[in-house]
Amino acid sequence: MKQIAQLLLTFILISFFSAETLLSQDNSEELTQRVDEIFAQYDSSSVPGCAVSIFQDGQSILTKGYGIANLDYGIQNSDSTRFYMASVSKHITASAAELLIIRGQLSETDFLSDYVEDWPEWASEVQVQHLFNHTSGLPDIYGLMQIGGMDINDVMDLEDYMEVIKKGEELMFEPGSDFSYSNSGYTSLAYLVQEISGMSFPEFVEKEFFEPFGMNATHFHDDRTRIIPNRAISYQVSNGTVRRSYPGNFQGVGGGGLYTTHRDLEKWEQFWYGNLSWEGGITEQEAVELKRNLTAPTYADGEVIDYRKGLRVSNRKGLETVRHGGSFYGFKTNFKRYPQTGISMITTCNRGDADPGSFNDQIADYLLQDEFEDYLAEYSGRYINDELPAEYTLTVEEGNLHLERRLSPNGNMEEVEKDAWEAGSWDFEFFRNESGSVAGFKVTTGRAEDVEFYKADN
């Protein structure tokens, strides 16, 4: 009898785990099919394209490449292709500078003039904290170069870039009083890391992060002559014509400069979610403090802003997102984390007409459809204006809020912030009743403003 019971238990356990495995396989196949649909336009052996990775708690659940990394040799995009990450580099630059702050070698309230020789008087009030969240008022380094007749392809190093920043002549605003995205801040952060650590910025990041984490195909590119195996070449695509785009002499780091692969990015996600073991470099205690500090609130003129330290923190359809995008001479990159769910995705493209942020949103709409639809449900329904008369219908479909109205921009609406939405060029501002329920919206079309519609009872 005991043997029969044991056999029965074994059968039940095998059946259970087999069902779980089958369910997992089915979900994986459906996810792959959906992702293939999103990137179908690049699934070709004759065009540049993208690579995408999707993670759950830092572990890859899908990684695929679409299109060609190098059209000269027909090399396909894959998880081992080394992409230029553009401004997605910034949160790793921020990590390096923040590590010095944690170790007491740098302070947020230090003035940049404390570390940079011959720092100009007009920028004397710029502090380290202003560099992280683009509230320094420093003019953008690449804008200054353009005005000064310098080409992005000119051979320059960190010291050269700092000399350009010094010649900006005046701040755009008082430090801390406003926000203006500026690569000068992150160029300056890289320079500070170099000055304080006594090693080059790429060497410091390699020592503290990349080498301990096993990110052996990742580096900050400050040497234009360095060989980069499996490097993606970027392209601009116009009217069916494809041309190489990336400037080969560029070697700026800080605001950009990072080359990496999707294999290595998985290790970075594992680090972020606490699932990576490593030896050397940053300690586990420092890592906990670092990740907390990178997403802590920052301020401009006393108001919280979504840009933190190399990362943007906001909400999308009811869920917090931690994100950043990048664009540089035909490279387009984007990553998004949804910390409440453990889901994150990274898309890297080597063609200038790609929109990796949109691709990541479509992936999230599929994976987080239930969570999004729960949030969107209160907006669905009929909205009427008896005086016009007119009626709008909002429905929730596949994780999106959908507008239906004759002669208006039908389709998925985009959330700007809570209760503020867009449909094409039209703006919708929802208002609520005393109990906090959605009662209607005001629509602005450009030729008409704040036209009120009230939510019908049925």
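Numbers here are sequence positions counted from 1. These numbers were taken from a predicted model, which means no experiment stands behind them. Keep in mind that the numbers below use all heavy atoms, side chains included, and drop hydrogens, waters and symmetry copies.
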Excluding sequence neighbours, so at least two apart, what forms salt bridge (Lys or Arg N to Asp or Glu O under 4.0 Å) with [X]?
X: R316; result: D361, D365
X: K90; result: none
X: D57; result: none

Indicate yes or no: at least one non-hydrogen side-chain atom of [X] is less than 4.5 angstrom from one of [Y].
X: T187; Y: L158; answer: yes
X: V88; Y: L258; answer: no
X: F209; Y: M215; answer: no
X: L394; Y: L403; answer: yes
X: V52; Y: T63; answer: no
X: Q270; Y: E266; answer: yes
X: N385; Y: V451; answer: yes
X: S53; Y: D79; answer: no

Report the C-alpha separation of F431 and D419 in whole Å, then their side-chain angles, then the decisive distance to 0.1 Å, and conclude whether the side chain to side chain contact (heavy atoms under 4.5 Å, CB included) test is met.
CA-CA 7 Å; F431 53 86; D419 290 342; over 6 Å; no
So, [X] versus [Y]: side-chain donor-acceptor pair below 3.5 Å or not?
X: D36; Y: Y66; value: yes
X: S238; Y: R243; value: no
X: W272; Y: H91; value: no
X: Y366; Y: E37; value: no
X: T348; Y: T333; value: no

Within this structure, what is the [atom1]-[atom2] distance for the pair [X] and [Y], rounded to the nearest 0.5 Å?
X: I363; Y: L368; atom1: CD1; atom2: CG; result: 11.0 Å
X: Q236; Y: R244; atom1: CD; atom2: CZ; result: 13.0 Å
X: E320; Y: N315; atom1: CD; atom2: CG; result: 6.5 Å
X: I101; Y: E286; atom1: CD1; atom2: CD; result: 13.0 Å
X: S28; Y: I54; atom1: OG; atom2: CD1; result: 9.5 Å
X: D306; Y: R323; atom1: CG; atom2: CZ; result: 5.5 Å

Using a 6.0 Å distance limit plus a 45 degree cone around the ring axis, check whether K317 lies over the aromatic ring of F372.
yes
Do K291 and F271 meet the cation-pi criteria used here (NZ or CZ under 6.0 Å from the six-membered ring centre, within 45° of the axis)?
yes
Show your reasoning for whether side chain to side chain contact (heavy atoms under 4.5 Å, CB included) applies to V242 and V47.
CA-CA 8 Å; V242 181; V47 299; 5.5 Å; no
With a cut-off of 6.0 Å (strictly less than), are more than 12 heavy atoms of other residues, nucleotides or ligands near [atom1] of [X]?
X: E174; atom1: CD; result: no
X: Q146; atom1: CD; result: no
X: E452; atom1: CD; result: yes

Polar side-chain atom of [X] near backbone of [Y] as donor-acceptor pair, under 3.5 Å:
X: N433; Y: G436; value: yes
X: Q56; Y: T341; value: yes
X: S184; Y: I141; value: yes
X: N70; Y: R231; value: no
X: N360; Y: N334; value: yes
X: E208; Y: I282; value: yes
X: D110; Y: S107; value: yes

Inter- and intrachain pairs under disulfide (SG to SG under 2.5 Å), touching [range], at least two apart:
range: residues 423-453; answer: none
range: residues 334-392; answer: C50-C349
range: residues 316-348; answer: none

side-chain hydrogen bond (donor to acceptor under 3.5 Å, both in side chains) involving [X] - partner list, sequence neighbours excluded:
X: T260; value: T218
X: R82; value: none
X: S80; value: S78
X: T135; value: N133

Mutual orientation of the aromatic rings belonging to [X] and [Y] [parallel < 30°, tilted 30-60°, perpendicular > 60°]:
X: H324; Y: Y181; value: tilted
X: F83; Y: F331; value: perpendicular
X: Y246; Y: F250; value: perpendicular
X: Y307; Y: F179; value: tilted
X: Y42; Y: F39; value: tilted

Taking the basic N atoms (NZ, or NE/NH1/NH2) and the acidic carboxylate oxygens, is any pair closer than 4.0 Å for E391 and R382?
yes
Check E108 with K309, please: is the shortest side-chain N to carboxylate O separation under 4.0 Å?
yes
Please identify which of these residues, F453, Y379, Y383, Y454, meets the ring pair (Phe, Tyr, Trp, His ring centres under 6.0 Å) condition with Y392.
F453
So, using ring pair (Phe, Tyr, Trp, His ring centres under 6.0 Å) as the criterion, who are the partners of Y186 when residues are at least two apart?
H134
Does Y259 have any ring pair (Phe, Tyr, Trp, His ring centres under 6.0 Å) partners at least two apart in sequence or in another chain, and if so, which?
Y84, H219, H221
Applying side chain to side chain contact (heavy atoms under 4.5 Å, CB included), run through L171 and L138 and close with a yes or a no.
CA-CA 5 Å; L171 295 174; L138 290 170; 3.8 Å; yes
Check against side chain to side chain contact (heavy atoms under 4.5 Å, CB included), L71 and Y235:
CA-CA 9 Å; L71 289 171; Y235 302 89; 3.6 Å; yes
What heavy-atom pair brings T444 and D450 nearest, and what distance separates the two atoms?
OG1-N, 3.2 Å
